[in-house]
There are 2 protein chains.
Amino acid sequence: MNLNTDFVDKLRNSGLRPTKQRLKICEILFDNDKTFHFSVKDLSKIISQKLGEKISLATVYNTVHAFEKKGYLKEISINSNQTYFDTNTSSHHHFFDEKEKKLIDLKNEDVDPINIKKTIPGKKIKSIEVLVKLDPDNY
Amino acid sequence: MNLNTDFVDKLRNSGLRPTKQRLKICEILFDNDKTFHFSVKDLSKIISQKLGEKISLATVYNTVHAFEKKGYLKEISINSNQTYFDTNTSSHHHFFDEKEKKLIDLKNEDVDPINIKKTIPGKKIKSIEVLVKLDPDNY
DNA sequence: CAATAGTTTAGAATGATTATAAACTAATAA
DNA sequence: TTATTAGTTTATAATCATTCTAAACTATTG
Ligand SMILES: [Mn+2]
Ligand SMILES: [Mn+2]
Ligand SMILES: [Zn+2]
Ligand SMILES: [Zn+2]
């Protein structure tokens, strides 16, 4: 298990103990090369499917927030009844499929750079995010 | 009360009965020329301040959603534990002051038109919104 | 192994929002 | 006007995502 030792290192290097719960969540989140967008509910479902053992919901929340704090996950701004996270922590924009409730990454080249011409005294720009909502073609 | 009859008409024309609760909320939301961004909590607070009589929280929710359905209010996409509404129902972008938890409109001329070069088969773009998060200058 | 700090967990608590159902009221017809 | 109806308000309960709590468990270190 080459990957597993990678995750152990990743966690240790972040000051997080490599527990089996965290390693399992790492495998789900970071084992593939694709960006993964998810809610805690999504993640819990995947865990209970791919896993013999259960991980407590509190632990899933703890882990996701720990990973977010360490910069391995990013929270995404969409209006929903639940919070979404993103394994792509770079600054990027999204489609949001309102029917499927799924986020889709937009690549940098898919959107021209956003230039904000207004400034607010005493404030600086922290992030610029474009959210493109999608509906079915016929609607 | 010229305004009040205006609101009565507005409500009647929308098929909503002009109750005193709705008229009061109209005054708070639509009486000024400025865009008003608010959460239900904000609105409730203003109501209890500016008003002798109380309006039930359920009614505030009902009214806000009724107005939204009629196109007098728009829900705004930000990651927060509460939903925000906007009296500016046109398509426009926002600053979000993360410290004050306040939304600020960006005018059309403040942001160059956003051009999305990617398409998703079977889906069409419903809206494009930019959210610019602000932090204090020193941070 | 022993001591410690960090982690997991079930379950309780919180807080925004929605649902319920009874009381109330505006609109309409008689 | 009055009666009828449909729409509205309201207190309260229910829901649901998320956070808190405190006790049990475990990785780390000496
Ligand atoms: Mn978070
Ligand atoms: Mn709504
Ligand atoms: Zn993404
Ligand atoms: Zn606005």
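All chains are named by letter (A, B, ...) in the order of the sequence lines, taking the proteins before the strands, and each is independently numbered beginning at 1.
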- Sequence neighbours left out, what passes salt bridge (charged side-chain N to carboxylate O under 4.0 Å, His left out) with K24(A)? Give chain and number order. E27(A)

- Query: Got a sec, which residues hit ring pair (Phe, Tyr, Trp, His ring centres under 6.0 Å) with H93(B), two or more places apart in sequence or on another chain?
  - Reply: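 Once residues adjacent in sequence are excluded, H93(B) has no partner under the ring pair (Phe, Tyr, Trp, His ring centres under 6.0 Å) criterion.
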
- Message: List the residues meeting ring pair (Phe, Tyr, Trp, His ring centres under 6.0 Å) with F38(B), not counting sequence neighbours, and say none if there are none.
- Response: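 Listed in chain order: F36(B), F85(B).
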
How would you list, by chain and number, every residue that makes a side-chain contact (heavy atoms from CB on, under 4.5 Å) with [X], sequence neighbours excluded?
X	result
K117(A)	N115(A), D112(B)
D110(B)	K118(A), L106(B), K107(B)
S14(A)	L16(A), K70(A), Y72(A)
E129(A)	K74(A), S77(A)

Quick one: which protein N/O atoms are closer than 3.5 Å to N/O atoms of nucleotides 9-16 of chain C? Pair and distance per line, please.
unit_1 : atom_1 : unit_2 : atom_2 : d
dT9(C) : OP1    : Q21(A) : NE2    : 3.2
dT9(C) : OP2    : S56(A) : N      : 3.1
dT9(C) : OP2    : T59(A) : OG1    : 2.8

- Message: Under the salt bridge (charged side-chain N to carboxylate O under 4.0 Å, His left out) definition, can you give me all pairs with a residue in residues 77-97 of chain B, not counting sequence neighbours?
- Response: K123(A)-D97(B)

Pairs of donor and acceptor atoms involving the side chains of residues 45-59 of chain A, under 3.5 Å and at least two apart or interchain, shall be tabulated with distances.
unit_1 : atom_1 : unit_2 : atom_2 : d
S48(A) : OG     : S44(A) : O      : 3.3
S48(A) : OG     : K45(A) : O      : 2.9
S56(A) : OG     : A58(A) : N      : 3.2

- Message: At under 4.0 Å between heavy atoms, how does the protein contact nucleotides 23-30 of chain C? Give one character per nucleotide, 5' to 3', with B, S or -.
- Response: --BBS---

- Item | Global bending angle along the helix from dC1(C)-dG30(D) to dA30(C)-dT1(D), which compares the axes of five pairs at either end, to 10 degrees | 20°

- Query: Under 3.5 Å, side chain of R12(B) to main-chain N/O of P18(B), donor-acceptor pair present?
  - Reply: no

